[in-house]
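Structure, as structure tokens:
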Amino acid sequence: MIKSVLVINTQGKPRLTKFYDILTVEKQQELLRSVFGVLCSRADNVSNFVEAESIFGPDSRLVYKHYATLYFVIVFDSSENELAMLDLIQVFVETLDKCFRNVSELDIVFNYSKLHNILDGIIFGGQVMETSSAEIIRAVEEISKLEAASNSISLVPKTVSGWRSR
Amino acid sequence: MASPSLMDSLFQRSLDDIIKGLRHQQSTESTFISKVIEEIRREIKTTDLQTKSTALQKLTYLNSIHSIDMSWASFHAIECISSPAFAHKKIGYLAISQSFNESTPVILLISNQLRKDLNSGNEFEVSLALDCLSRIGTVDLCRDLTSEVFTLMSTSKVFVRKKAVGVVFRLFEKYPDAVRVCFKRLVESLESSDSQILSAVVGVFCELASKDPRSYLPLAPEFYRILVGSRNNWVLIKVLKIFANLAPLEPRLAKRVVEPICDHLRKTGAKSMVFECIRTVATSFTEYESAVKLAAVKIREFLLEDDPNLKYLGLHGLSIMAPKHLWAVLENKDVVIQSLSDEDPNIKLESLCLVMAMVSESNVVEICRVLVNYALKSDLEFCNEILGSILSTCCQNVYEIITDFDWYVSLLGEMSRIPHCQKGEEIENQLIDIGMRVKDVRPELVRVGHHLLIDPALLGNPYLHRMLSAAAWVCGEYVEFSGNPVELLEALLQPRTSLLPSSIRTVYMQSAFKVLFFCVCTYIEQKEDMTLEVSDLTSKGECSESSDLASAKAPVACDQDEGFNPRNSSQSYEDPSVVNGGHGHVSTSAFMEETSFTRESIVKLVNLMELSLCPLSGSYDVEIQERARNALGFIELVKRDILSRLLRKEANSESEDVCASTIVEWLHDAFYEDLGPVSITAQERVLIPDELVLKENLADLEAICGNVELTSSCSFSLRSPYYGESAGVSFSNHQVEEDSEPSTEATSLLTEHRRRHELYYLPSEKNETITTANDYAPATITIANDYPPANYPSSGINTNDDSQDLVTLTNQSLLPKRKPNYAKPRPVVVKLDEGDAAPVTAKKPEVKGDLLSGAIRDILNEAKPASSQSNPSDKSSIKKKGKEKLNVDLSDSKEDLAVREQPNPENPSSRRSKHRGHGKEKSKKSQREEGWGWKGRWW
């Protein structure tokens, strides 16, 4: 079971947080802070695993990957394989890269909703559901189409950016 | 509140606007956010769903990225999911799964909407609802929606079906009755040819089996088929995890699957798969030598990789293997030891664990020496990891691997001096524990404690205060071994002790009091010995009536007229404990320098004590104040009575002398009773007195106290056989004393108490065997005059070739000769029978999910007879399927049948849960085999 997926930038700002257990906002914030505290103290050429039981409680492991200005973190328990989770981060990032063509932190900042669509395409309720990025992208595009279709029903876009983008 | 103005609703800020705004106003982020929240609160109340959902989206974003509370918007989220527009629905569902929990009041309101969306023709809407259910599903929601999920599990749309399968886990977890509805379909899904469905269903079974593996044993054939048939690594990894849980329950299953696992291990190219196979073998297939060997080879490959991840996992695999197959660690010890200086903290830690796993009785001294040197060079964190693991390894099973306690105690002292050391608390526990358990090591303990106490630098490190507290206590308690009590007292009273927290300061004060008292006692006795007439006084506490002994002693004392005779005095100190406890030590004085206290030195000590404690008698801390006053009271007494009187050389008025020394003796008795460790189960062994009438409503207490085992009467008399061993010292007075009424109150009370409650007094033993509860033969401890000096490991040792050292050291544990010849035998370590020390074996937590497993067993029981009976009248699809499988399996497991017949009667327990019922019904053996169902056939 995957407990959490986090994307944090190197300054400690969260870019995406997904907790598959129900946690209070305060607890989430605390976890984010401790995870970042551990990650930022690690050198670059060391292993991608971090002792997580002190942060997330018993039977939890943490694997992360550092891409440019972002840390991608997955927290999981003994029902998952460490290297497979590392692969999963790879799948996630590859998918992002294909979606945004050379993904950068800005893409992630400004595409909050799409980011969730992608992640939900990969992980469902804490379980890995899909690992092929082509399939994930297909589903994400379908969802975007649906969203666009339902938005176009309201003929006059109300938001400022909606006006602008016309 | 005022309705939103036209401007507001026309020009609502979108999420992108918020994000941009936040990026540009970083300095005043919080004010910007609170402004936005205000806007959101206004916007979200509108009836226009477009505006509402945008507001909710912004709030959801702020909640997940900036930790803004959004529980107040839960109703608005529900409004959004009921929108016909997909975009609104999506925003609503995201908000719900992010912010709802069991106690959200409106959660029940989403039940209908969820049902509607689950029945939707749009697979993405269904997917949204399923995702929401998997995240926040409560008991009620799961109950209400079970049938919808059941329908979706057989839909033709893979995209939906896999998620429906995935949500089943949540359903089962929250609402076990869902098993009756969905389980068959879940099992059927194992047959699916679609790898996505298979992945989902195997994932669910992996979760289920990790909680209660036994219930899923009957499904082993299905999993086996996937194990040999699937080519999808995600699926295989989950199946391996399932088998890791199932195999220990059923040896025949293990036998059957070990080969396919090894096959995967040999063939697969994926590292994740390799590692999973290694882990599976190392945890659940430890009996299969060839598999373990293969796994060890693969581990070796991991260890030689450059990738730190693989190296770490290789080491991790080794440490899983270590408890049962230490050879695998030893084979790789070069890499392990090299990794100790790796830059990666994970790798360092893992290799530290492995090094500690290699520690044995024969190499513990050297390995610890090398590790302590490593610790000196390491950073703070790793240094403490090293110290922590040394401490925990050495104290395992009551210091099982320690033979030379002198060495160990001095190692503890050395560890305390490492600048990074933060293990004061653990060192404290061990110092005191060893002090109480191992009599022979007390002199060394006092020596080490003394050195720690006189070091003013240690007082500055708050992490070490606890350790210092132990050192102070040990030195006070066993002060008779101290070579230099004067220095000790000065150390305990040094001004820097003000740095200590008050709780520890009181320990210091109490110890100082004991030390001073010891000095005064010694001084008095020395005076008395000199003046000869005191022989009756000296032994007054012990043997007032055995004057023959006293007079026998007198000449001895007389011989050494001027000098203080420590041996004599300390022996008499020990006497009361011999009387009381049936044991005592006589080795004390060997370590005491031949110091004598002059009047001046005593006065100096008393003055020093008075000077340091006087200011504390007004302390705000009650403990400190009390101890200071106690000590000052004693000083008062000593000053006025003893010093002035003894000054006059001769006690001209004997009665007054008696008065003074009686007090001293009382105190003496109070202090010199040995403290020992007490079993945590001691209370249980109290025999219920006959006259105690238990009320009826307390009758069930009987069950708790019932297992009290008592043979108290025999223990006291067992003492005599050991007397012979108390080498050379005259103990002839014991017999007399045992019967005679001891003169001092304290002693007599203690003796009486001990006589009556011998049970909870600690035994001490001569031999190495562990004392059992009933075996209370008290033992005396031999004189250890010939104790070899402690080998203080020199810290300045050149550490360049540490790794080389470790390599050679760990070699030793391979040697058959485990116990090298030691100069002296391992000292007695007092052990309590049960409940002593923490049990080393980790207990597997009992799984609670009774409801769930019960339900699943029911289902499987239902399915099984159908599958095994040759009666084809059953119509349900699952049952037919079972039968087909039966036929298939029969063909490929012929050879197993023969093997299976034999273990059958011997090994009924493993299959008791599900099959007993069927087995009973059929009396003939052949029929019973049928009753075992798939499983029996298959194996």
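Scope of the values below: all heavy atoms of this structure, side chains included, with no hydrogens, waters or symmetry mates. Here is the naming used below: chain letters follow the sequence lines, and residue numbers restart at 1 for every chain.
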*Without swapping roles, check the side chain of A:T17 against the backbone of B:S64 for a donor-acceptor pair under 3.5 Å.*
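At least one qualifying donor-acceptor pair exists.
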
*Is it true that a side-chain atom of B:R135 and a backbone atom of A:F19 form a donor plus acceptor pair closer than 3.5 Å?*
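Looks like yes, one N/O pair under 3.5 Å.
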
*Salt bridge or not for A:E82 and B:K271, using N-O below 4.0 Å?*
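Salt bridge: no.
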
*Would you call A:E80 and B:K241 a salt bridge, using N to O less than 4.0 angstrom?*
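Salt bridge between A:E80 and B:K241, a charged N being under 4.0 Å from a carboxylate O: no.
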
Examine whether an atom of [X] lies under 4.5 Å from a heavy atom of chain A, and if so say whether it belongs to the side chain, the backbone or both; otherwise answer neither.
X	answer
B:S53	neither
B:K90	side chain
B:V204	both
B:L240	neither
B:K311	neither
B:E343	both
B:L313	side chain

*Do the side chains of B:I65 and A:K13 get nearer than 4.5 Å, heavy atoms only?*
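No, too far: nothing below the 4.5 Å cut-off.
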
*Note, A:S113 side chain near B:Q57 side chain (heavy atom, < 4.5 Å)*: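 In short, these two side chains touch, coming nearer than 4.5 Å.
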
